[in-house]
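Take a look at the structure set out below.
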2 protein chains.
Amino acid sequence: MTGYYRNGGYRNGGGRNNHQHVYTDGASSGNGRSGARAGYGVYYGDNDSRNTSMPLSGSRQTNQRAELTAVNHALRNSDPNQPLTIHSDSSYGIKSMTEWGNRWDQNGYRTSSGGAVANQDLIREGRDLIASRNVPVSFSHVPSHSGNHGNDMADRFATNGAKMH
Amino acid sequence: MTGYYRNGGYRNGGGRNNHQHVYTDGASSGNGRSGARAGYGVYYGDNDSRNTSMPLSGSRQTNQRAELTAVNHALRNSDPNQPLTIHSDSSYGIKSMTEWGNRWDQNGYRTSSGGAVANQDLIREGRDLIASRNVPVSFSHVPSHSGNHGNDMADRFATNGAKMH
RNA sequence: CGACACCCAGUGUC
DNA sequence: GACACTGGGTGTCG
């Protein structure tokens, strides 16, 4: 239960239970300082050719944008016809895609204190990708650096991606 | 300039420029593991009878407590009427006695994330010792294991002290 | 105020 | 390569 999030509003068309599990992570060396360099990693499984280690593009090299970009990459690079669970250590990323995002779609992406929600571009993009699927996408929170193999691998990919600038 | 810290708020009463230089270091074999044994070393100069190599007392045998204890020993065992520079490789120890300590004296020893500052007993003790002097106490950071003779000697004394339990 | 991340720095070790 | 001891900060939300 704990740490498990699911997007609703879909029907399962098929019935073949090929549930996909993907681990995502973001990194930003020097986060918050000028000259920060971010990267993201996506881990599908050992020796899986879809595994990804990439530098973040764009001028805002923050940890949060890296986390969101990793999620969007997983959304785009997975079978859209089979259920997917994205395992992330970012509560911010998960909630932006689920509970917070649901509210923001209704209030015009306004923060509880009235400001504009940051990183809207990436959040809207991810939520569009989820909405365009006909099978469920779930999110599961995994504590960082807790010995979880998938998270550890995604972390390495993300850190490495940040060095590729 | 770099790595040089000074405590303010004093007047030089005398004028005899007998500036003292002392090297301090702490060690803790098995730091962080149960059964760790810590020690500290203070080096005043070759063949100086004040040179010290001692095991750390108390139940918390950490590297940080050893570093702070070495500094406090130097403060207590030096001429309080002549300027003193303490050379340490511990940024933690130096900043606890200077810039961080200044803030903590005003905020009740609260960490930037709200928690209680660790090793307060030793930090308050050292800052009291400094405040009770009528001549300046300065701190200088020396990189560890960099071939600095004073630091190397203090390191040996500290390591040896840890073995005296 | 709380939460989850992302760091930066210096030590101490195994 | 790994871990522990400690502090400072930003990214973002409720």
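All chains are named by letter (A, B, ...) in the order of the sequence lines, taking the proteins before the strands, and each is independently numbered beginning at 1.
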Side-chain donor or acceptor of A:Tyr44 paired with backbone N/O of A:Asn77 under 3.5 Å: yes
Whole angstrom value for the distance that separates C1' of D:dT12 from OH of A:Tyr109: 15 Å
Backbone of B:Gly58 reached by a side-chain donor or acceptor of B:Gln61 within 3.5 Å: yes
Main-chain N/O of B:Asn51 paired to B:Ser53 side chain as donor or acceptor, under 3.5 Å: no
Any donor-acceptor N/O pair, B:Asn18 side chain to B:Gln82 backbone, under 3.5 Å: no
Atom-pair distance (CG on A:Asp89; C1' on D:dG11), nearest Å: 14 Å
Tabulate protein N/O versus nucleotide N/O from nucleotides 6-8 of chain D, keeping only pairs under 3.5 Å, one per line.
| from | atom 1 | to | atom 2 | distance (Å) |
| --- | --- | --- | --- | --- |
| D:dT6 | OP1 | B:Thr62 | OG1 | 3.0 |
| D:dT6 | OP1 | B:Asn119 | OD1 | 3.4 |
| D:dT6 | OP1 | B:Asn119 | ND2 | 2.7 |
| D:dT6 | O4' | B:Gln64 | NE2 | 3.1 |
| D:dG7 | OP1 | B:Ala118 | N | 2.9 |
| D:dG8 | OP1 | B:Arg103 | NH1 | 3.4 |
| D:dG8 | OP1 | B:Trp104 | NE1 | 3.4 |
| D:dG8 | OP2 | B:Ser112 | N | 2.9 |
| D:dG8 | OP2 | B:Ser112 | OG | 3.4 |

Interatomic distance where CG belongs to B:Leu56 and C1' belongs to D:dC5 [whole Å]: 13 Å
Sidechain-backbone polar pair: B:His87 side chain, B:Val22 backbone, donor-acceptor under 3.5 Å: no
A:Leu122 backbone acceptor or donor facing A:Asn72 side chain under 3.5 Å: yes
Residue closer to the 5' end of RNA chain C, A:Asn31 versus A:Ser90 (nearest nucleotide): A:Ser90
A:Asp155 CG - D:dA2 P separation (whole Å): 10 Å
Start and end of chain A contact along RNA chain C [non-hydrogen atoms, under 4.0 Å]: C:rC4 to C:rC8
Heavy-atom donor-acceptor pair, A:Asn102 side chain to A:Thr98 backbone, under 3.5 Å: yes
Check: B:Arg133 side chain, B:Asp79 main-chain N or O, donor-acceptor pair, under 3.5 Å: yes
